[in-house]
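Just so it is clear: chains get the letters A, B, ... in the order the sequence lines come, proteins before strands, and each one is counted from 1. Atom set for the values below is all heavy atoms of this structure, side chains included, hydrogens, waters and symmetry mates excluded.
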Amino acid sequence: MKFSSAYEPDKFEAEIYAAWEASGVFSPASLEAEKAYSIVMPPPNANGNLHIGHGLTVALEDSLARYHRLRGESTWYIPGADHAGFETWVVYERVLEAQGRSRFDFSREELYAQVWDFVHQQKSNMEFQVRQLGASCDWASETFTLDEKVVRRVYKTFEKMWNDGMIYRGEKLVNYCPKHQTAFADIEVEHVDEKGKLWDIAYTIVSETTGSAAAGSPTESALGGSAGVPPAASPVVSEIIVSTTRPETLFGDVAVAVNPSDSRYAGLEGALVELPLTGRQIPIVFDEHADPEYGTGAVKITPAHDYDDFEVGERHGLDRIRVIDDAGMMTGCGPEYDGLSTAECRKKVLHDLEEAGLLRGEHKITHAVAHCYKCGTVIEPTLKEQWFIDVEKLAAAAISAVSAGEIKFFPASKKKVLLNYLKGLKDWNISRQIPWGIAIPMFRKATSGRSSSSEDALLAHGTKSTARSDAPSSSNSIPAEASQDELPEWIFDTRTELSEIEYGGAKYVRDEDTFDTWFSSSHWPIVCTDWEEGLSNPYYPLNVMETGADILFAWVARMIMMGLYVTGSVPFREVYLHGLVLDAHGQKMSKSKGNVLNPVELVSKYGSDAFRMGILRGRSAGMNQAFSENSVVSGRNLCNKLWNLSRLVQSMVDEYEGDDKVRTLNMGEDWICREIDTARSAVEKQMKTYRFAEAVETLHSLIWDKYADWFIESQKIYKNVPLLKKTLMDILVMLHPFAPFVTEAIWQNLSFTSGMIIEAAWPARLKYDPISAAEFDGLTTVVSEIRRTYVAIPGGKRWPVLFGDDSLVDDNQLLIQSLTKAPSVMSCEGQPRGIRLALSGREVYLDVPSEVVAEYASSLEERILAVGRELDGLNARMMNPRYVDKAPAELVEETRRAIAEKEALIERLKLEREAI
RNA sequence: GGUUCCAUAGCUCAGUUGGCUAGAGCGCACGAUUCACAUUCGUGAGGUCGCAGGUUCGAGCCCUGCUGGAACCACCA
């Protein structure tokens with residue numbers, strides 16, 4: 001094959017990927033492998049293009065996969081695609097909107113089919129892009145989050161949890177987006193600080209509590225502390241002022257709460273107040289929730305639309321009155337208000353209160369408001385019946401496994417963060433009101449009379465709502481001979497393709513909701529590795545889980561809980577969490593800012609390898625770090641360098657006529673073997689500790705600074721072709737995990753390689769003579785000093801090099817001349833002259849006329865001073881008796897040696913100065 | 001309010017149980033150049049490691065406090 005002279009990645013990347021894929025090398029060597037290595041791809045959303053974070057994820061994971069494959073492990077890198085329930089749903093709703101249609105124009109089944117087609121088009125696009133990034137993943141094992149095996153496993157887990165009594169139907173407040181008309185988990189809600197207002201509203205007290213009369217005058221004291229409230233004319237307790245940011249929910253008020261310790265309201269417990277605009281009477285309750293410091297210290301309680309109020313309602317057995325419907329419109333508030341949006345209703349309520357003289361104050365405040373993370377709509381806490389998982393046992397198991405160190409975290413600090421989260425975890429709402437997802441396998445007994453829907457505005461007293469005992473405690477495997485009344489309200493059944501089934505002679509209707517995607521994706525390591533009960537599986541647990549630090553809670557925590565629950569063992573041994581890829585100035589990338597970098601564009605501009613090395617550079621675990629095209633350019637330059645030095649080596653091989661036996665090494669050859677070996681063990685350590693950026697840097701330096709700049713240059717003088725072949729192959733293999741395409745392309749172009757580099761073996765330890773290698777270090781010092789001195793001498797001329805009694809220089813005259821481009825290198829024949837190169841401590845001179853030497857004197861003087869300062873520092877250390885006493889002997893000895901060296905150097909420099 | 005992280009060269013970042021003159025890439029300056037590579041080669045400038053204390057023979061690293069920045073969680077009637 002002819003090695004083309006230019007490095008043009010777009011000419012070979014696609015072809016090489018296709019060859020890898022066709023060869024079957026992406027599949028694990030054996031399912032029974034002793035040295036198994038498994039890693040899964042966090043499934044990219046199958047609803048669009050890859051973004052920069054996917055680029056990073058693939059660069060990280062694939063370098064791990066390739067590294068372990070080269071090390072002879074049976075490597076299984078499993079790709080996936082995410083149906084991304086809600087995310088895809090949002091994308092598809094936009095598609096529908098563009099067509100002037102809406103989800104409500106279709107049945108659930110029609111919608112499901114449409115989205116299925118849509119996703120499968122997008123999915124192949126996504127897969128193509130993953131290939132462009134070079135992921136060496138086993139496409140035959142690609143797992144889609146709606147695959148049959150996933151659904152089967154998820155149903156199995158759900159059934160187990162149902163039988164274990166961990167699933168319950170609860171009527172709770174959920175985060176509800178009125179635009180998308182679905183509930184969210186807490187983690188899917190974004191809190192944004194916003195400016196708002198706090199209004200003071202007077203509720204008239206209509207009946208005092210019986211028994212003890214109010215001590216003092218609550219109203220008076222309440223008013224005293226509250227600005228903007230007119231002073232009361234009468235000491236008679238007549239009203240209570242509540243503070244609220246949401247006056248429109250007043251129709252749902254069922255009580256007013258005050259803190260029991262708040263003396264302003266002492267004695268008012270149980271008193272009734274009249275709810276403005278409605279005439280309804282509600283009680284005053286004492287509850288710790290009311291903060292005496294905030295507002296007037298009296299808070300209206302709306303259990304159906306506020307989390308805290310919900311809990312207050314639970315404690316006091318209060319009703320829950322829904323006044324906002326699923327579309328975000330007012331309901332059950334009377335004809336004047338029903339059908340208004342919450343914002344319209346707020347205005348009207350405020351206006352009406354003002355008219356009634358009940359609006360007593362208005363304060364500007366800043367408070368956090370929950371928003372839908374996708375559309376930004378304000379989340380409306382809404383009462384819904386949903387399926388919940390009791391997370392207590394799950395979290396406890398995860399906490400104990402993580403605390404016991406069964407999973408190693410990179411960065412380590414994330415372990416603490418995760419434990420902190422698990423300790424405060426609340427029950428998990430797994431119901432979503434969108435059609436695109438895995439159907440919840442639960443059927444409800446159809447009632448003959450009124451609908452069992454929970455959508456009625458006025459709900460019954462809340463005792464049944466969160467009661468778990470309401471649900472049957474076991475699955476429905478035993479047909480009941482009981483009467484219809486004794487049949488369970490809910491039964492588990494996996495026949496979710498049916499909308500209704502029969503059981504015990506009764507009709508059961510499927511719950512229309514789907515699972516939260518995190519419920520199914522928490523099974524990812526289990527389903528991807530085809531783990532099954534009772535079968536041994538060397539690929540489970542995964543060796544590592546690599547994913548974004550932003551989904552530590554949403555995903556990693558849940559995978560750990562689910563892995564432990566389903567398989568009894570943690571789902572992975574190590575977790576590597578990457579941070580966000582920020583733009584060049586450290587800003588978050590966003591479409592609106594216009595600072596988004598597209599990985600696929602960078603790949604086509606600079607090549608896949610350049611992108612991969614570029615995005616890894618300067619990056620460490622868990623940190624949000626800047627990224628710019630510059631680092632990709634640097635990666636591309638390295639590829640170019642490697643390409644060209646490989647061409648040079650090939651040309652040397654082409655001219656060579658000897659055999660492949662590596663002959664005795666010279667010092668430059670010992671030196672490069674030492675450098676390669678050092679780099680190899682450094683990379684091994686770096687890969688073990690997930691220091692990808694450092695591994696790339698190690699290899700960059702090896703290839704450029706060591707191999708190209710010194711070794712290849714020295715081989716232009718003395719060639720050792722068998723060693724050139726061997727070392728080049730080692731270097732290519734070591735870089736392959738990070739730059740798979742260019743290393744494979746070169747491998748295929750070289751005449752002396754066989755097979756594919758992706759299947760090559762990681763380099764073994766190299767033999768070399770360390771003393772000989774160290775001599776070459778001495779030579780590089782001489783060469784560097786000659787170069788530096790050339791630049792330091794005014795005029796920029798290269799002067800002849802003379803040497804005295806120095807075998808190192810004598811033996812390497814040609815090499816020194818070649819590396820320094822000196823006009824000549826020759827013996828001074830016992831007549832030293834010109835400038836002596838003092839730093840290297842060798843008898844080497846530059847044959848410079850005396851008038852030029854004089855001009856050089858000042859730089860020499862500077863150097864004497866600099867060395868003098870270093871010497872002073874070292875001497876000061878030795879003068880300290882406690883240092884000599886307490887520091888390790890080796891270190892002290894080293895310091896002594898350094899002092900001796902510096903003293904000798906200064907002597908030489910002074911001699912040199914005197915010579916001038 | 002809670003948890004966690006960060007502050008080192010002009011920029012983006014390394015610096016792994018404390019140890020010799022604190023490193024890299026990019027950028028910058030000066031110089032080179034038929035002979036693998038201008039996507040190149042050589043040389044250099046640039047840092048009191050956020051501030052103040054402490055521990056230690058020795059601190060960029062450990063401890064305390066402070067200042068500035070970020071992320072996440074919870075919450076604000």
(request) Answer whether the closest heavy-atom distance between the side chains of A:Phe410 and A:Val575 falls below 4.5 Å. (result) no
(message) When the C1' atoms of B:G18 and B:G54 are compared, how many Å lie between them, rounded to an integer?
(response) 15 Å
(message) Tell me if a side-chain donor or acceptor on A:Asn420 pairs with a main-chain N or O of A:Lys416 at a distance below 3.5 Å.
(response) no
(request) Just call it for A:Glu901: base, sugar-phosphate, or nothing, with non-hydrogen atoms closer than 4.0 Å on any strand. (result) nothing
(message) Using a 4.0 Å heavy-atom cut-off to protein, can you give one letter per nucleotide of nucleotides 40-47 of chain B, 5' to 3': B if the base is in contact, S if only the sugar-phosphate is, - if neither?
(response) SSSSS---
(request) Give the rounded distance in Å between these two atoms: CD1 of A:Ile712 and P of B:C37. (result) 13 Å
(message) Given the structure, check if the side chain of A:Gln625 and the base of B:C13 hold any donor-acceptor pair shorter than 3.5 Å.
(response) no
(message) Under 6.0 Å from the ring centre and within 45 degrees of the ring axis: does the NZ or CZ of A:Arg558 meet both conditions for the six-membered ring of A:Trp428?
(response) yes
(request) To the nearest Å, give me how far apart CD1 (A:Ile551) and C1' (B:A71) are. (result) 15 Å
(request) Just call it for A:Pro888: base, sugar-phosphate, or nothing, with non-hydrogen atoms closer than 4.0 Å on any strand. (result) base
(request) Starting at atom CG of A:Asp885, determine the distance to atom P of B:G19, rounded to an integer number of angstrom. (result) 21 Å
(request) Please tell me if the side chains of A:His316 and A:Val254 come closer than 4.5 Å, counting only heavy atoms from C-beta onward. (result) no
(message) With rounding to the closest Å, how many angstrom separate the C1' atoms on B:A32 and B:U17?
(response) 46 Å
(request) Could you say whether A:Lys426 or A:Gly618 is positioned toward the 5' end of RNA chain B, judged by the nucleotide with the nearest heavy atom to each? (result) A:Gly618
(request) Remember a base hit wins even if backbone is also touched, and classify A:Lys423 as base, sugar-phosphate or nothing at under 4.0 Å, heavy atoms. (result) nothing
(request) With P as the reference atom in both, quote the distance from B:G47 to B:G42 in angstrom, rounded to an integer. (result) 25 Å
(message) On the six-membered ring of A:Trp799, is A:Lys797 placed so that its NZ or CZ lies under 6.0 angstrom from the centre and within 45° of the ring axis?
(response) yes
(message) Within the structure provided, determine whether A:Val649 and A:Thr727 are in side-chain contact (heavy-atom separation under 4.5 Å).
(response) no
(request) Take the protein atom NE2 of A:His700 and the nucleotide atom C1' of B:C13, then report the distance between them rounded to whole Å. (result) 15 Å
(message) Rounding to an integer number of Å, can you tell me how far A:Ile615 CD1 sits from B:U12 C1'?
(response) 13 Å
(message) In the structure I gave you, are the side-chain heavy atoms of A:Phe741 and A:Arg612 within less than 4.5 Å of one another anywhere?
(response) no
(request) Determine the interatomic distance between C1' on B:G50 and the same-named atom on B:U8; round to the nearest Å. (result) 10 Å
(request) Take atom C1' in B:A14 and the same atom in B:A24, then report the distance between them in whole Å. (result) 7 Å
(message) Take N1-N3 plus N6-O4 or O6-N4 for Watson-Crick, N1-O2 plus O6-N3 for G-U, both under 3.5 Å. Which runs of 3 or more such pairs involve RNA chain B?
(response) B:1-7 with B:67-73, B:10-13 with B:23-26, B:28-32 with B:40-44, B:50-54 with B:62-66
(message) Using atom C1' in both nucleotides, what's the gap between B:A74 and B:A22 to the nearest angstrom?
(response) 41 Å
(message) If you take any heavy atom closer than 4.0 Å to RNA chain B, which residues from residues 682-697 of chain A end up in contact?
(response) A:Arg691, A:Glu694, A:Glu697
(message) In whole Å, I'd like the distance from the CD1 atom of A:Ile717 to the P atom of B:C35.
(response) 16 Å
(message) So, under a plain 3.5 Å distance rule, would you say the side chain of A:Glu713 forms a donor-acceptor pair with the base of B:A36?
(response) yes
(request) Indicate, with a heavy-atom threshold strictly under 4.0 Å, whether A:Gln650 touches base, sugar-phosphate, or nothing. (result) nothing
(request) Using a strict cut-off of less than 4.0 Å between a Lys/Arg side-chain nitrogen and an Asp/Glu carboxylate oxygen, indicate whether A:Arg246 and A:Glu248 qualify as a salt bridge. (result) yes
(message) How many whole angstroms separate atom CG of A:Leu891 from atom P of B:G58?
(response) 13 Å
(request) From the options B:C20, B:U39, B:C13, select the nucleotide whose nearest atom is closest to the side chain of A:Arg877. (result) B:C20
(message) Could you check whether A:Arg691 pairs with A:Glu697 (Lys NZ or Arg NE/NH1/NH2 to Asp/Glu carboxylate O, under 4.0 Å)?
(response) no
(message) Under 4.0 Å, counting only non-hydrogen atoms across every strand here, what does A:Asp309 touch: a base, just sugar-phosphate, or nothing?
(response) nothing
Distances under 3.5 Å between nitrogen or oxygen atoms of protein and nucleotides 2-11 of chain B:
none

Can I get a per-line list of side-chain donor-acceptor pairs under 3.5 Å for residues 617-626 of chain A, giving both atom names and the distance, sequence neighbours left out?
| from | atom 1 | to | atom 2 | distance (Å) |
| --- | --- | --- | --- | --- |
| A:Arg617 | NH2 | A:His700 | ND1 | 3.4 |
| A:Arg619 | NE | A:Ile615 | O | 2.7 |
| A:Arg619 | NH1 | A:Gln625 | O | 3.4 |
| A:Arg619 | NH2 | A:Ala626 | O | 3.2 |
| A:Ser620 | OG | A:Gln625 | OE1 | 3.2 |
| A:Asn624 | OD1 | A:Leu580 | N | 2.8 |
| A:Gln625 | OE1 | A:Ser620 | N | 3.3 |
| A:Gln625 | NE2 | A:Gly618 | O | 2.1 |

(request) Provide the distance between the two C1' atoms, one in B:C20 and one in B:G15, to the nearest whole Å. (result) 16 Å
(message) Is there a side-chain contact between A:Ile746 and A:Phe3 in this structure, where contact means two heavy atoms from C-beta onward sitting under 4.5 Å apart?
(response) yes
(message) For residues 877-887 of chain A, which residue pairs pass the salt bridge (Lys or Arg N to Asp or Glu O under 4.0 Å) check, not counting sequence neighbours?
(response) none
(request) Report the nucleotide, chosen from B:A71, B:A14, B:C37, that has the shortest atom-to-atom distance to any side-chain atom of A:Ser620. (result) B:A14
(request) Check every strand shown and say whether A:Ala887 touches a base, only sugar-phosphate, or nothing at a heavy-atom separation below 4.0 Å. (result) base
(message) Output the rounded distance in Å from CD (A:Gln715) to C1' (B:A36).
(response) 14 Å
(request) State whether A:Arg788 and A:Glu785 are salt-bridged, where the test is any N-O pair (Lys NZ or Arg NE/NH1/NH2 against Asp/Glu carboxylate O) under 4.0 Å. (result) no
(request) Describe the nucleic acid contact of A:Ser634 in one word from base, sugar-phosphate, nothing, applying a heavy-atom distance below 4.0 Å. (result) sugar-phosphate
(message) When the P atoms of B:G31 and B:A36 are compared, how many Å lie between them, rounded to an integer?
(response) 26 Å
(message) Reading RNA chain B from 5' onward, which residue's closest nucleotide shows up sooner: A:Ser646 or A:Lys588?
(response) A:Ser646
(request) Answer yes or no: is there a side-chain heavy-atom contact under 4.5 Å between A:Thr820 and A:Val782? (result) no
(message) Under the criterion side-chain hydrogen bond (donor to acceptor under 3.5 Å, both in side chains), I'd like the reasoning laid out for A:Tyr203 against A:Asp253: C-alpha separation, chi angles, the key distance, then a yes or no.
(response) CA-CA 11 Å; A:Tyr203 286 25; A:Asp253 286 5; 2.6 Å; yes
(message) For a salt bridge (charged side-chain N to carboxylate O under 4.0 Å, His left out) check, start with the C-alpha distance between A:Lys605 and A:Glu629, then their side-chain angles and the critical distance, and finish with the verdict.
(response) CA-CA 10 Å; A:Lys605 194 167 166 192; A:Glu629 217 165 306; 2.6 Å; yes
(request) Measure the shortest side-chain to side-chain distance between A:Phe711 and A:Leu724 over non-hydrogen atoms and say whether it is less than 4.5 angstrom. (result) yes
